[in-house]
Amino acid sequence: MEKLEIKESLPPGGGKHNLNDYESVYETFRFEEVFADFSWHTTGKVNMAHELIDRHVMGPKKDKTALIYVDDNRRETYTFDDLRRLSGQFGNLLLKLGVKKGDRVFFFMPRSPEIYVGMLGALKIGAIVGPLFEAFMESAVTDRLADAEASVLVTTSVLKGRVPREKLPKLRHLIIVDEQPDYAEGEVDFARAMAESKEELEPAWGTLEDPMILHYTSGSTGKPKGVLHVQGAMIQQYITGKWVLDLQEDDIYWCTADPGWVTGTSYGIFAPWLNGATNLVRGGRFSADGWYRTLQDEHVTVWYSAPTAFRMLMSAGDGMTDKYDFSSLRHVLSVGEPLNPEVIRWGFKAYGKRIHDTWWMTETGAHMIVNLPCMDIRPGSMGKPFPGIVAAIVDNMGNELPPYSLGNLAIKTGWPSMMRQIWNNPAKYQEYFAVPGWYVSGDSAYMDEDGYFWFQGRVDDVINTSGERVGPFEVESKLVEHSAVAEAGVIGKPDPVRGEIIKAFISLREGYTASEALMEEIRLFVKTGLSAHAAPREIEVLEKLPKTRSGKIMRRVLKAQELGLPVGDLSTIED
Ligand code: WTA
C-alpha cells in the first residue's frame with residue numbers, strides 16, 4: 001500500500017492557500033505541506049499523545065483549557081498541562097501492568113474525563129486503543145475483545161458484569177474507574193493506581209506507520225471487523241480539523257459523538273487537540289433541553305453532530321429553540337447519515353447557521369467529502385472531496401462514470417488516514433481494494449456536473465440506525481440463539497427520525513407460536529445480549545424465509561417486499 005514519506009524539501013509551515021476559493025485549494029494543496037506543523041517533521045519521532053497534548057504544553061497553550069467535561073451533575077475543566085500529567089500517570093500505570101507497545105488496551109465505559117485521560121495515556125506508551133460503545137452487551141463485548149486479544153480493559157464496576165473473563169484468557173487486567181468494595185484478582189483500582197503513578201513519562205516514539213487505534217465496525221457479512229489506523233492519520237485529522245471544522249484559537253468545540261464510534265475519536269479527540277482547541281464533552285443521555293443548555297451556557301462556537309440528533313431537536317419544537325441563545329455558534333456540521341434538506345433549512349431558522357455535511361467512514365479515518373466553510377451548500381449533497389482526496393463514481397470494474405450516473409462511491413487509495421489493516425483478517429482488507437487503485441466505500445452515489453456528491457444508499461446490507469452502523473449478521477446470529485427462533489433475516493427499514501430502524505423477519509421453531517409476549521421477549525434477548533441500538537424495533541414472523549439454493553437468507557427480497565418494491569432477479573432463490 002502506498003505510504004507517505006516525510007519530504008524534507010518542503011518549506012516549514014507549508015504552502016499558503018486561499019481558503020475562500022475551493023477550486024484553488026483543491027488544485028494546489030498537498031498533504032505533505034502540513035508535515036512541517038508537527039514536531040516529528042524536525043525530530044523524526046512520532047507519538048500521537050505528544051502531538052495531541054504534550055507539544056502544546058511546551059508552547060503558550062500550557063494553561064489553556066483542553067477539555068471541558070459537563071453532564072447533568074458534573075462540570076470539570078482540564079488544561080493541556082493537566083492532561084499531560086494525568087496521561088503520564090495513566091501511561092506509567094499501564095507500563096507497571098506490563099503493557100507493551102502494540103498491546104491492545106480497550107475502553108468500555110461512558111463518556112467521562114477518565115476515558116480521555118486513559119486513551120491519551122495508552123497512546124503515550126504506544127499501545128493500541130480499542131474503544132467499545134458503552135451500550136454493548138456481553139456477546140458484542142466478548143467478540144471484539146477476543147478478536148483483538150485485548151490484554152487490558154478500562155471499565156466500570158457495573159459494566160464489567162458484561163465481560164466474561166473466563167472466555168477471554170488474554171485479558172489480564174481490568175482497570176475499574178469508579179469505586180468498588182473489593183478488587184478481584186486482575187482488577188485494578190484506577191484512583192489508587194493513578195495516585196501511586198508518576199506524571200513524568202517520555203512518550204514511546206515511533207513512526208507514522210505505527211498502529212494507534214482499532215475501531216470495530218460492521219459489514220453486511222460476518223462478525224464486526226477491527227479497522228486499524230496508524231499514527232500518520234493525524235496528518236489528515238489535523239488539517240481537516242483546521243479547514244473543515246474551521247477550528248480557531250478561541251473556539252469552544254463540541255462533537256456530540258461517543259468515543260465508542262470513530263467520529264468520537266477522530267473528531268472528538270484527535271482533530272480538536274491536534275489543533276490545540278478547547279474540546280467540550282457532554283456526558284449522559286440526549287435531551288433537547290440539556291443539549292441546548294450546553295450550547296448556550298458553554299458558549300459553544302463549533303458544533304459537530306448528526307442528522308438523527310438534529311431531527312430529534314427539530315421534533316422538540318420551535319418553542320424549545322426560542323428559549324435559548326445560540327449567538328455564540330459560528331459553525332455547525334453533520335456526519336453519519338444523509339442530511340435532509342429540510343433539516344438544513346430548519347437549522348438555519350433555528351440557529352442562524354447552515355449545517356455543513358461531511359462524509360467519511362470508520363475505514364477512511366478522517367473526512368473525505370466535505371463542505372468547506374467557503375463552499376455553497378447544496379442541500380442534500382454531501383459536498384466535494386477534501387483537497388488532496390480524489391473521489392469518483394466508478395462501476396464494478398473501476399471505470400469512472402460521468403456526472404449523474406449512479407455507481408460506487410470510491411476514493412483513490414493512499415490518503416494519510418486510510419485504514420492499514422482489518423485486524424486478523426487480511427482477506428477482508430483486500431475486499432475493499434478489489435478494484436485496483438480504488439477504495440470502494442460500499443455507498444452508492446452520483447456526482448453532479450460541478451463535482452458535488454449525492455448519497456443514494458448502501459450497496460450492501462449494512463444498516464444505519466441513528467447514525468450507528470449495524471451489521472445484519474450480528475443481529476441475526478443473536479436472534480437464532482433464542483430457543484424460539486429457527487431462522488432470521490434482518491433489514492433496515494426507512495424511518496423519518498432514525499434514518500433506518502432494524503426490522504427482523506424470523507421463522508419459529510416447532511412448538512412455538514407467535515405472540516406479542518414472545519416478540520417482546522426476543523427483542524429483549526437481543527437488547528440485553530448484544531446491544532440496545534442493535535435490537536429490532538419490529539419483528540415479523542414468516543412461515544419460511546426466502547433463501548438461495550445454497551441456504552443464504554435473501555435480505556434484499558425481504559427488503560423489497562417490506563417496501564413494496566419489485567424483488568428483482570430471483571434466479572438463485574430456493575423454490
Ligand atoms: C454513512 C461514520 C450520508 C455512509 C463517520 C457511510 C453518510 C457510513 C454520511 C459510515 C453522510 C456517513 N451522508 N451517509 N454525510 N456520512 N454516512 O463507519 O453509509 O460509522 O458508509 O462512519 O455512514 O459509517 P461509520
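Quick note: residue numbers are just sequence positions, from 1.
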Original post:
Which pairs, with at least one residue in residues 520-530 and sequence neighbours excluded, count as a salt bridge (charged side-chain N to carboxylate O under 4.0 Å, His left out)?
Top reply: Glu520-Arg523

**OP:** With sequence neighbours excluded, give me every salt bridge (charged side-chain N to carboxylate O under 4.0 Å, His left out) pair touching residues 105-117.
**Re:** Arg74-Glu114, Arg111-Asp258

Subject >> ring-ring contact (aromatic ring centres under 6.0 Å, His included) partners of residues 507-527, not counting sequence neighbours, each pair once >> reply: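 Non-adjacent pairs meeting ring-ring contact (aromatic ring centres under 6.0 Å, His included): His482-Phe525.
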
Looking at residues at least two apart in the chain, or sitting in another chain, which of them share a ring pair (Phe, Tyr, Trp, His ring centres under 6.0 Å) with [X]?
{"X": "Phe310", "answer": "Trp303"}
{"X": "His215", "answer": "none"}
{"X": "Phe455", "answer": "none"}

**OP:** With sequence neighbours excluded, tell me which residues meet side-chain contact (heavy atoms from CB on, under 4.5 Å) with Lys223.
**Re:**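 Checked Lys223 against side-chain contact (heavy atoms from CB on, under 4.5 Å); matches are Asp143, Phe473.
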
Original post:
Taking only residues two or more places apart in sequence, or in another chain, which ones meet Pro164 in a side-chain contact (heavy atoms from CB on, under 4.5 Å)?
Top reply: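 Expected list: Glu138, Thr142, Glu166, Lys167, Leu168.
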
Listed by chain and number, what are the side-chain hydrogen bond (donor to acceptor under 3.5 Å, both in side chains) partners of [X], not counting sequence neighbours?
{"X": "His367", "value": "Tyr267, Tyr304"}
{"X": "Asp461", "value": "Arg555"}
{"X": "Arg192", "value": "none"}
{"X": "Ser531", "value": "His533"}

**OP:** Test the Arg144-Phe136 pair against the cation-pi criterion, namely NZ or CZ under 6.0 angstrom from the six-membered ring centroid and within 45° of the ring axis.
**Re:**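 Positive - Arg144 is close enough to the ring of Phe136 and near enough to its axis.
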
